[in-house]
**Q** 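The structure under discussion is supplied below as structure tokens; questions concerning it will follow.
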Amino acid sequence: MKSKQLKRQFSPWTRRRHRVHLFVLLIYFILPFPPLLHFNCETWQIHFFGTILVPGQFHIIALAIIFLCFSLVVSATFLGKVFCGWICPQNIFLELLEAIQQQVKRRFPSYRKSLYFQRIIDFLFALCISILLAQTFLLYFKAANPIFLAACYGFIVLFFTYDIAILKHNFCKSACPYGLLQHSLTEKDSLHIVYEKRDSHPCQSCHACEKACYVDLDIKKQPQHMDCTLCGACVDACAWVFSKKPTAPLLSFSKGKKSSH
């Protein structure tokens, strides 16, 4: 019990990130229910929190999209890949899949030894999530053409199943447009993880930060790696290791400060 309390105490970034994940998912699954947000394909009206936008007012939606894109650019410049680790739906589901796998591995030793069973779990989880996402997406459209709904449903199920079960973070590295944009906008002063090397209290080579990273990075060697999503899991892991020491952990969030080697 004491160990669990310490883990909760020294995992502030993980707990905050999970709250944001829950908030993002709630928004997606709650918004399509009237009168929050839906598009009436028969009257070509957008219902938004009780306000009805007719075709002549659709420029408001265009301005909102422009503002959203501008906000993403600004966040990428100053906060790096915070969007990827904290808001991106793909990373939310991939982290949830990782948590499920860890629980199954602890309870079923045969699962740890069988790559076949692991792939089955990945596929079933991805399929269930994809169906749920597709069903919810269709709720955003009222009186829509059945062919349009079927096409959207099929695309979402096929794409997200393949993405979550097979592509995983390879999509982020090679195909995600925001990831490429963020990489070009990141500066030296952008938010990143910094590693402070100390001779008095050196790194114990426990690899706790590497084990906590779900994109398999050694953040001590690559503090501004483009695959780092700034989830803070490595910072929490280092804080846990140093929880019984009088000194601060070696990993922390920083802007502008470089890692010492």
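Since this is a predicted model, take the numbers as computed values, not measurements. All values below were derived from every heavy atom in this structure, side-chain atoms included, with hydrogens, water molecules and symmetry-related copies excluded.
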**Q** What is the minimum heavy-atom distance between Pro32 and His38, and which atoms define it?
**A** O-CB, 4.3 Å
**Q** Would you say Leu36 ends up clustered with Leu138 if hydrophobic residues are merged whenever their side chains have heavy atoms under 4.5 Å apart, either directly or through other cluster members?
**A** yes
**Q** So do the side chains of Ile219 and Cys213 get within less than 4.5 Å of each other, counting heavy atoms only?
**A** no
**Q** Can you find a heavy atom in the side chain of Cys228 that is under 4.5 Å from one in the side chain of Lys81?
**A** no
**Q** Given side-chain contact (heavy atoms from CB on, under 4.5 Å), test Leu127 with Val157 step by step and report yes or no.
**A** CA-CA 7 Å; Leu127 182 61; Val157 170; 4.1 Å; yes
**Q** Hey, mind stepping through Lys197 and Leu250 against side-chain contact (heavy atoms from CB on, under 4.5 Å) and telling me if it holds?
**A** CA-CA 7 Å; Lys197 185 177 180 180; Leu250 302 176; over 6 Å; no
**Q** Is Val73 linked to Ile66 within one hydrophobic cluster, defined over Ile, Leu, Val, Met, Phe, Trp and Tyr using a side-chain heavy-atom separation of less than 4.5 Å?
**A** no
**Q** Check the orientation of His18 and His21. Use parallel for under 30°, tilted for 30 to 60°, and perpendicular for over 60°.
**A** tilted
**Q** Is a side-chain donor or acceptor of Asn40 paired with a backbone partner of Gln45 at a separation under 3.5 angstrom?
**A** no
**Q** Look up atom CD1 in Ile156 and atom CG in Asp163, then write down how far apart they are to the nearest 0.5 Å.
**A** 12.5 Å
**Q** Are Thr51 and Ile46 side-chain neighbours, meaning at least one heavy-atom pair lies under 4.5 Å?
**A** no
**Q** Tell me, do Glu196 and Ser252 make a side-chain contact under 4.5 Å, heavy atoms counted?
**A** no
**Q** Using a 6.0 Å cut-off, check whether atom CZ of Phe78 has over 12 heavy atoms from anything other than its own residue.
**A** no
**Q** Any idea which heavy atoms bring Ile193 and Cys234 closest together, and the distance?
**A** CG2-SG, 4.1 Å
**Q** Under 4.5 Å between any side-chain heavy atoms of Val82 and Ser75, yes or no?
**A** no
**Q** Does the gap between the ring centers of Phe33 and Phe29 come in under 6.0 Å?
**A** no
**Q** Return yes when atom CZ of Phe141 has more than 12 non-hydrogen atoms of other residues, nucleotides or ligands closer than 6.0 Å, and no otherwise.
**A** yes
**Q** I need the minimum non-hydrogen distance between Arg17 and Cys231, along with the two atoms involved.
**A** NH1-O, 2.6 Å
**Q** Give a yes or no on whether Leu158 and Ile166 share a hydrophobic cluster (residues Ile, Leu, Val, Met, Phe, Trp, Tyr; joining criterion: side-chain heavy atoms under 4.5 Å apart).
**A** no
**Q** Using a 4.5 Å cut-off on heavy atoms from C-beta on, say whether the side chain of Thr247 contacts that of Phe242.
**A** yes
**Q** Using side-chain heavy atoms (C-beta onward) and a distance below 4.5 Å, is Phe159 in contact with Phe171?
**A** yes
**Q** Is atom CZ of Phe253 surrounded by more than 12 heavy atoms (other residues, nucleotides or ligands) closer than 6.0 Å?
**A** yes
**Q** Just checking Phe160 against Phe93, ring centres under 6.0 Å apart?
**A** no
**Q** Give a yes or no on whether Leu79 and Leu68 share a hydrophobic cluster (residues Ile, Leu, Val, Met, Phe, Trp, Tyr; joining criterion: side-chain heavy atoms under 4.5 Å apart).
**A** no
**Q** Test your reading of the model: is there a side-chain donor-acceptor pair from Ser130 to the backbone of Thr161, 3.5 Å cut-off?
**A** yes
**Q** How close do Ala144 and Phe148 get, heavy atom to heavy atom, and via which atoms?
**A** CB-CD2, 4.1 Å
**Q** Compare every heavy atom of Ile87 with every heavy atom of Val24, then report the nearest pair and how far apart it is.
**A** CG1-O, 3.8 Å
**Q** Hey, is Asp122 close enough to Lys168 for a salt bridge, meaning N to O under 4.0 Å?
**A** yes
**Q** Does the side-chain contact (heavy atoms from CB on, under 4.5 Å) test come out yes or no for Glu210 and Lys220, once each step is laid out?
**A** CA-CA 9 Å; Glu210 298 176 48; Lys220 300 188 299 297; 3.8 Å; yes
**Q** Give a yes or no on whether Arg119 atom CZ has more than 12 heavy-atom contacts from other residues, nucleotides or ligands under 6.0 Å away.
**A** no
**Q** Kindly work out whether a path of hydrophobic side-chain contacts (I/L/V/M/F/W/Y, heavy atoms less than 4.5 Å apart) joins Phe49 to Ile52.
**A** no
**Q** Locate the shortest heavy-atom distance separating Cys206 from Val241; write the atom from each residue and the value.
**A** SG-CG2, 3.8 Å
**Q** If we only count heavy atoms from C-beta on, is the Trp13 to Trp86 side-chain gap below 4.5 Å?
**A** yes
**Q** Fit a plane to each ring of Tyr140 and Tyr28, take the angle between them on a 0 to 90° scale, and name the class: parallel (under 30°), tilted (30 to 60°) or perpendicular (over 60°).
**A** tilted
**Q** Report, as yes or no, whether the 6.0 Å neighbourhood of atom CD on Glu42 holds more than 12 heavy atoms from other residues, nucleotides or ligands.
**A** no
